[in-house]
A.B. asks: 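Submitted below is the structure of interest, expressed as structure tokens.
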Amino acid sequence: MAFLKRLPWFSLILLLLTYMTFGWVLSRARTQPIIWLVVAIAIVIFIAILTIPLSKMADYSVSLFRSNLKSFGIAVLGAFLFFLIVARFRLFLDTLVIIAATMLVKIDFQAAGFSQILAFWLTVAFSFAGLALGVLAEKLMFNYGLIF
């Protein structure tokens, strides 16, 4: 019971709702199964990146800027991401909400004193549950005629 009281429920519900929306949008777009696999892998990688301690992230980022070629690649990637922000602003905002909700959950888990592994798995579980609930809601609403 003490474990359930320590959980950051507000941020977990926000995370669940954001991934529900994402699952709804992906399901509504009638995406291929390979895209679902890519999305699932991307979610796990993104959450893993967020749970890495900041000191290790600094070590990894320093190695990216050691050569001119790597620095040029990062600059080109940054320019491409800026283009995506301008060209697809709605997609950028949806992505930004997902990132913000995931970061809030990470901060709340850290403040509550959860281990990094437990925080990672709980975040992954709530993210996938939200994704599945979004797909389920879309299927029930549109495929089975439950539109009100």
Side-chain angles (χ1 to χ4, degrees), residues 1-65 70 73-74 76-78 80-148:
M1 187 70 173
F3 175 76
L4 292 177
K5 285 185 179 181
R6 282 183 41 209
L7 284 176
W9 286 109
F10 183 72
S11 58
L12 285 173
I13 290 171
L14 284 175
L15 181 78
L16 191 73
L17 290 174
T18 56
Y19 276 100
M20 276 180 70
T21 305
F22 184 54
W24 180 292
V25 169
L26 280 178
S27 179
R28 193 80 184 128
R30 307 283 183 239
T31 55
Q32 300 294 322
I34 190 72
I35 300 296
W36 286 102
L37 180 64
V38 169
V39 165
I41 292 170
I43 288 171
V44 171
I45 290 172
F46 171 65
I47 294 171
I49 287 172
L50 280 181
T51 56
I52 293 175
L54 193 58
S55 61
K56 288 186 181 179
M57 277 296 259
D59 293 340
Y60 296 137
S61 64
V62 167
S63 68
L64 284 176
F65 295 107
K70 289 180 185 177
I74 300 245
V76 169
L77 178 67
F80 177 68
L81 290 176
F82 182 72
F83 166 75
L84 286 179
I85 290 170
V86 172
R88 300 286 184 164
F89 194 69
R90 171 65 191 210
L91 178 65
F92 168 71
L93 287 179
D94 292 342
T95 307
L96 189 63
V97 168
I98 290 173
I99 291 170
T102 309
M103 289 176 72
L104 178 66
V105 167
K106 182 216 186 269
I107 290 169
D108 282 350
F109 274 134
Q110 198 172 19
F114 283 89
S115 69
Q116 290 176 355
I117 300 294
L118 184 59
F120 169 77
W121 286 114
L122 285 172
T123 307
V124 167
F126 272 84
S127 300
F128 284 157
L131 204 63
L133 286 173
V135 171
L136 180 66
E138 193 275 331
K139 297 289 184 207
L140 288 176
M141 296 286 281
F142 292 105
N143 291 346
Y144 299 113
L146 295 177
I147 297 177
F148 302 106

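Note that the structure is a prediction, hence the values are computed from the model and not measured.
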A.B. asks: Side chains of Asp94 and Ile98: closer than 4.5 Å at any heavy-atom pair?
C.D. replies: no

A.B. asks: Using a 6.0 Å cut-off, check whether atom CD1 of Ile117 has over 12 heavy atoms from anything other than its own residue.
C.D. replies: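 Count not over threshold, so no.
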
A.B. asks: State, with a plain yes or no, whether a side-chain heavy atom of Leu26 is found less than 4.5 Å away from one of Val39.
C.D. replies: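 Answer yes - side chains close enough.
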
A.B. asks: Would you give me the side-chain donor-acceptor pairs under 3.5 Å for residues 11-21, sequence neighbours excluded?
C.D. replies:
{"residue": "Ser11", "atom": "OG", "partner": "Pro8", "partner atom": "O", "Å": "3.1"}
{"residue": "Ser11", "atom": "OG", "partner": "Asp108", "partner atom": "OD2", "Å": "2.8"}
{"residue": "Thr18", "atom": "OG1", "partner": "Leu14", "partner atom": "O", "Å": "3.3"}
{"residue": "Thr18", "atom": "OG1", "partner": "Leu15", "partner atom": "O", "Å": "2.8"}
{"residue": "Thr21", "atom": "OG1", "partner": "Leu17", "partner atom": "O", "Å": "3.0"}

A.B. asks: May I have all residue pairs that pass side-chain hydrogen bond (donor to acceptor under 3.5 Å, both in side chains) and include part of residues 35-49, sequence neighbours excluded?
C.D. replies: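 Pairs touching residues 35-49 that pass the test: Thr31-Trp36.
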
A.B. asks: Output every pair passing salt bridge (charged side-chain N to carboxylate O under 4.0 Å, His left out) with a member in residues 17-29, not counting sequence neighbours, ordered by first then second residue.
C.D. replies: Arg28-Glu138

A.B. asks: Looking at Val135 and Gly23, what are the two nearest heavy atoms and their distance?
C.D. replies: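 Nearest pair, atom of Val135 first, then Gly23: CG2-O, 3.7 Å.
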
A.B. asks: By side-chain contact (heavy atoms from CB on, under 4.5 Å), which residues pair with Ile99, not counting sequence neighbours?
C.D. replies: Phe46, Thr95, Met103

A.B. asks: For Ile41, which residues count as a side-chain contact (heavy atoms from CB on, under 4.5 Å) partner, sequence neighbours excluded?
C.D. replies: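 side-chain contact (heavy atoms from CB on, under 4.5 Å) check on Ile41 returns Leu37, Ile45.
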
A.B. asks: Enumerate, atom names and distances included, each donor-acceptor pair closer than 3.5 Å involving a side-chain atom of residues 118-128, sequence neighbours excluded.
C.D. replies:
{"residue": "Thr123", "atom": "OG1", "partner": "Ala119", "partner atom": "O", "Å": "2.6"}
{"residue": "Ser127", "atom": "OG", "partner": "Thr123", "partner atom": "O", "Å": "2.7"}

